[in-house]
Amino acid sequence: MPSGRVPAGSEISEAFAAGFGRHPEALWSAPGRVNLIGEHVDYNGGPVLPFAIQHRCYLAAARTKSGIVTVRSEQFPDEIVRVALDDLRTGTSREPGTGGNAQRFAGWASYVLGVIWALEQVGVRVPAVDVLVDGQVPVGAGLSSSAALECAAVGAFCDLAGADVDGPQRATIAQRAENDFVGVPCGLMDQMASTCARADHALLFDTYDLSIEQIPLAASAAGYEFLVVDTGAAHGLVDGEYASRRAACEEAARTLRVKLLREVADRGPDESAALVAGIADPTLRRRARHVVSEILRVSAAVEALKAADWSRLGALMTASHNSLRDDFEVSSPQLDTAVEALVSAGALGARLTGAGFGGSVVALIETSRLETAVSAVTTSFSTAGFDTPTKSVAVASQGARREPPAT
Ligand code: GLA
């Protein structure tokens with residue numbers, strides 16, 4: 001199972017020097033994430049429980065006097081993007097969900113440029129820079145490659161601007177770049193995970209009051225692993241499905257006369273279920289039922305983790321998947337096939353992770369059953385006529401960090 005290439009700081013420094021003729025002045029990395037549970041609740045005021053994975057995005061940068069921002073990527077060597085810094089600073093903000101600047105600049109580069117724009121909006125003046133990106137988080141896998149890129153960029157650019165910005169603020173700036181510059185209406189979960197996660201911990205992030213708690217995640221030591229199956233069926237957040245789910249949740253909240261569906265979940269399982277059952281529109285009712293039940297499952301999952309009750313955690317993960325499939329309708333045939341194969345092969349639980357509509361599944365499995373589960377997924381995909389999925393064991397890793405400079 002591939003665990004991803006991990007370039008040393010010196011490797012990207014050398015590549016930067018080869019491309020720009022000098023060494024970088026700032027070097028940061030930030031990880032992708034898997035979400036253990038709490039899906040499609042971060043824009044409803046709910047709590048989420050992601051952890052950062054070992055795949056990281058590396059970003060090296062140095063100031064230039066040219067007034068031009070130049071962005072290169074190890075993954076797209078032929079797409080060198082150059083933009084005048086003045087144009088970026090005045091670049092217009094876009095309404096979330098309207099496509100934004102992803103069409104104006106090369107898709108991946110718009111995330112980097114968006115960070116310069118978003119920093120400007122909060123009063124941090126980034127100088128003109130040369131930038132090299134080495135993104136090792138699989139793209140389109142639902143593992144937040146874009147948050148990793150944004151969060152690495154925020155760290156490096158704050159260093160170059162001499163700005164002291166704490167982790168949660170950096171996450172918010174990264175989200176603003178994605179919402180208002182790139183035009184993707186995401187919540188804050190991915191950026192918080194990429195910025196604030198700790199190795200060997202899951203991050204309990206409550207999007208209602210923005211509080212965070214680090215929850216120890218000692219799965220391996222207890223004889224379990226988190227297996228990630230990337231179905232290879234790319235997901236696309238920019239298309240209308242994600243935005244339409246958000247709109248449905250807002251509509252359901254209006255119907256129930258609350259600001260956020262979280263306030264309904266806070267009434268407890270019985271009262272919240274009764275309130276949701278009273279929504280007349282069947283689609284809105286199902287969407288709200290997912291959100292409210294998912295919020296309650298996150299609290300239960302945190303209790304299960306604290307009690308090292310792995311079976312309970314697994315059962316909650318599978319219940320989350322079923323709710324995402326049936327009530328929120330964001331699953332796909334590949335995701336369902338992977339979940340069914342993993343659970344049949346003895347996983348304690350499995351669920352789609354991230355936005356859905358494709359992307360990855362995360363499963364909780366006894367280490368001794370890992371190989372059996374991996375073969376079961378491969379077989380089930382081949383029987384269904386799907387491309388062979390990529391499997392890897394996720395290791396809870398550290399959030400965004402400054403990398404040591406080349407020696
Ligand atoms: C994407 C978004 C997140 C979150 C998830 C669904 O990953 O970026 O903000 O909404 O989907 O839980």
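Counting starts at 1 for both ligands and their atoms, following the listed order. Scope of the values below: all heavy atoms of this structure, side chains included, with no hydrogens, waters or symmetry mates.
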Report task. Evaluate whether atom CZ of Arg285 has more than 12 neighbouring non-hydrogen atoms of other residues, nucleotides or ligands under 6.0 angstrom away. Result -> yes

Query raised in the report: What atoms of ligand 1 come closer than 4.0 angstrom to any heavy atom of Tyr43?
Result: 10 (O)

Requested in this report: Hey, can you tell me if His40 and Phe328 have their rings parallel, tilted or perpendicular (30° and 60° cut-offs)?
Outcome: tilted

**Report entry** Polar contact flag, side-chain donor to acceptor under 3.5 angstrom, Ser220-Glu225
**Finding:** yes

Query raised in the report: Considering distance alone, does some N or O of Asn35 sit under 3.5 Å from an N or O of ligand 1?
Result: no

Report task. Work out whether the distance between some heavy atom of Arg33 and some atom of ligand 1 is less than 4.0 Å. Result -> yes

Requested in this report: For ligand 1, find out whether one of its N or O atoms is nearer than 3.5 Å to an N or O atom of Gly187.
Outcome: yes

Query raised in the report: So with a 6.0 Å cut-off around CG of Asp209, is the heavy-atom count from everything else above 12?
Result: yes

Query raised in the report: Is a side-chain donor or acceptor of Thr231 paired with a backbone partner of Gly359 at a separation under 3.5 angstrom?
Result: yes

Query raised in the report: For ligand 1, which atoms have a heavy atom of Met189 less than 4.0 angstrom away?
Result: 4 (C), 5 (C), 12 (O)

